[in-house]
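Shown next, in structure tokens, is the structure this report addresses.
Just so it is clear: chains get the letters A, B, ... in the order the sequence lines come, proteins before strands, and each one is counted from 1.
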Number of protein chains: 2
Amino acid sequence: MLPAAEQAAQSLREEILSGAIPSGTRLGEADLAGRLSVSRTPIREALSRLAAEGLVEIQPNRGARVATWSAEPLREIFELRLRLEPYAVRQAVPNLGPEQLDELDDLAAAMLRTGKPGRHQNLGAIVELNRRFHGLFIDAAGSPPLAGALRGVTHAAVVTRNFHDYAPDALQRSLHHHVEMVAAARAGAGEWAEAIMRAHLYNARATMIGGRA
Amino acid sequence: MLPAAEQAAQSLREEILSGAIPSGTRLGEADLAGRLSVSRTPIREALSRLAAEGLVEIQPNRGARVATWSAEPLREIFELRLRLEPYAVRQAVPNLGPEQLDELDDLAAAMLRTGKPGRHQNLGAIVELNRRFHGLFIDAAGSPPLAGALRGVTHAAVVTRNFHDYAPDALQRSLHHHVEMVAAARAGAGEWAEAIMRAHLYNARATMIGGRA
DNA sequence: CACCGCTCGGTTGCATGCAATCCTTGCCAT
DNA sequence: ATGGCAAGGATTGCATGCAACCGAGCGGTG
């Protein structure tokens with residue numbers, strides 16, 4: 001049985017990232033304690049961690065709110081990701097074992113299915129898949145400091161807009177980027193994967209904050 | 001009166017960064033609570049934050065230890081810094097007001113004095129000055145995500161080796177880099193400052209982990 | 001004599017109670 | 001009517017007590 005604080009943190013993370021709890025929502029300790037059936041102490045610790053990850057903001061004596069990201073920080077976040085994530089992918093490629101490549105394949109394929117225009121399209125589900133996809137590369141880079149620096153930042157981008165206002169063609173591009181990235185990884189071509197990741201991020205940035213760097 | 005948890009975090013941060021508490025030291029909650037005259041609750045919160053900053057590592061049910069950095073993460077840390085900090089400096093330059101430039105001047109001059117070879121040389125004191133110097137630039141970049149990503153990482157480099165095993169000429173170079181960086185900033189030459197920061201980091205990396213990227 | 005299991009001391013993790021702080025609402029003065 | 005202010009309610013921050021877990025030392029067994 002894992003610690004209650006960790007469990008609470010995971011639950012909250014999930015709910016925030018999935019959009020179940022909208023941005024800016026006030027997170028009262030007592031409420032959360034009641035909802036998750038634990039005391040306020042582990043809740044406080046969970047909130048503390050999520051604040052470190054950048055998912056919630058804590059104001060002293062004024063409680064915690066789900067972080068709200070405006071356009072400005074978002075630009076900076078993409079600036080950061082562009083500097084780090086392509087590099088991370090290149091580092092990750094040589095470290096990917098067969099089973100990880102398979103998992104990446106599965107994730108990319110699942111996103112492609114889930115994102116196909118039509119009645120089954122489930123944009124919400126993509127968020128989590130995408131998070132795992134990027135997270136897998138980042139972890140495989142094998143650099144804890146790099147992973148730490150990117151964690152919060154990728155979260156943030158995911159939260160703001162859950163793919164919902166991707167233009168259809170941009171979304172398709174994005175999903176195919178994933179597929180191509182796995183192909184590059186499977187070929188052991190780190191620089192190829194890096195290039196695709198860079199394009200992937202430019203594409204995302206363009207749809208999220210409009211063109212014009 | 002600021003919160004006890006914050007105060008405890010600052011105290012510990014200070015002691016760890018100054019080297020008063022060596023790497024790997026076990027941090028018992030009860031001990032710290034006694035030493036800082038607060039309860040264990042704010043101590044736990046402080047440790048949690050420091051863990052997020054990467055200064056301490058906590059293992060579930062096994063307490064917290066001062067983080068210990070080996071050579072490998074150090075390489076990665078410099079890789080990160082090289083990607084982020086020169087950029088941060090360039091962004092910071094246009095945002096620096098007169099009083100901040102003066103403060104940077106003071107810091108650079110103080111480090112120069114304190115690091116001058118001879119009997120007054122006080123390498124320990126440089127650590128804190130250096131931290132403030134870099135921190136000022138990072139904050140002035142005006143990008144919270146960037147600052148967050150760099151915070152922990154600059155801490156780490158500072159902790160490991162407190163300038164003590166800088167070769168004398170490398171140390172002098174490093175201190176003069178600071179001066180030149182302020183000059184560049186005062187001239188409003190962001191790219192100049194960026195270039196110097198890059199050299200500054202290469203110099204530091206060479207002395208810390210040996211040449212050869 | 002070496003190795004495994006067990007008990008016990010110590011530490012972390014969690015719950016709860018209390019004090020301090022902040023926000024709100026209603027009242028009063030201008 | 002509007003602005004300032006004070007009291008009430010609610011919430012956070014901290015302290016303390018208890019339970020769960022980990023590690024060390026000892027006794028038993030092969």
Would you say the side chain of [Y] lies within less than 4.5 Å of the side chain of [X], judging by non-hydrogen atoms?
X	Y	answer
Glu79(A)	Tyr87(B)	yes
His134(A)	Arg81(A)	yes
Leu146(B)	Ile77(A)	no
Asn130(A)	His178(A)	yes

Measure from [atom1] on [X] to [atom2] on [N] and round the result to the nearest Å.
X	N	atom1	atom2	value
Arg65(A)	dC22(C)	CZ	C1'	14 Å
Arg49(B)	dG13(D)	CZ	C1'	11 Å
Arg62(B)	dG10(C)	CZ	P	19 Å
Gln7(B)	dG13(D)	CD	C1'	14 Å
Ile58(B)	dG13(C)	CD1	C1'	11 Å
Asn61(A)	dA10(D)	CG	C1'	13 Å

Look at the side chain of [X] and the backbone N and O of [Y], then say whether any donor-acceptor pair between them is shorter than 3.5 Å.
X	Y	result
Thr154(B)	Leu150(B)	yes
Glu57(B)	Ala67(B)	no
Asn203(A)	Ala170(A)	yes

Value rounded to 0.5 Å, distance of [atom1] in [X] from [atom2] in [Y]:
X	Y	atom1	atom2	value
His177(A)	Ile196(A)	NE2	CD1	5.0 Å
Ser39(A)	Leu32(A)	OG	CG	12.0 Å
Arg65(B)	Thr25(B)	CZ	OG1	8.0 Å

Do the charged groups of Arg26(B) and Asp31(B) touch, with an N to O distance under 4.0 Å?
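Here Arg26(B) does not pair with Asp31(B) in a salt bridge, since their nearest N and O are not under 4.0 Å apart.
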I'd like a table of atom pairs between the protein and nucleotides 14-19 of chain D - only N or O on both sides, under 3.5 Å - with the distance next to each one.
{"unit_1": "dC14(D)", "atom_1": "OP1", "unit_2": "Ala4(B)", "atom_2": "N", "d": "2.6"}
{"unit_1": "dC14(D)", "atom_1": "OP1", "unit_2": "Ala5(B)", "atom_2": "N", "d": "3.3"}
{"unit_1": "dA15(D)", "atom_1": "OP2", "unit_2": "Ser39(B)", "atom_2": "N", "d": "2.6"}
{"unit_1": "dA15(D)", "atom_1": "N7", "unit_2": "Thr41(B)", "atom_2": "OG1", "d": "3.0"}
{"unit_1": "dT16(D)", "atom_1": "O4", "unit_2": "Thr41(B)", "atom_2": "OG1", "d": "3.4"}

Using the C1' atoms of five pairs at each end, what's the angle between the two axes of the helix from dC1(C)-dG30(D) to dT30(C)-dA1(D), to 10 degrees?
10°
Residues in residues 27-35 of chain A with a heavy atom under 4.0 Å of DNA chain D, by number, are Leu27(A), Gly28(A), Glu29(A)
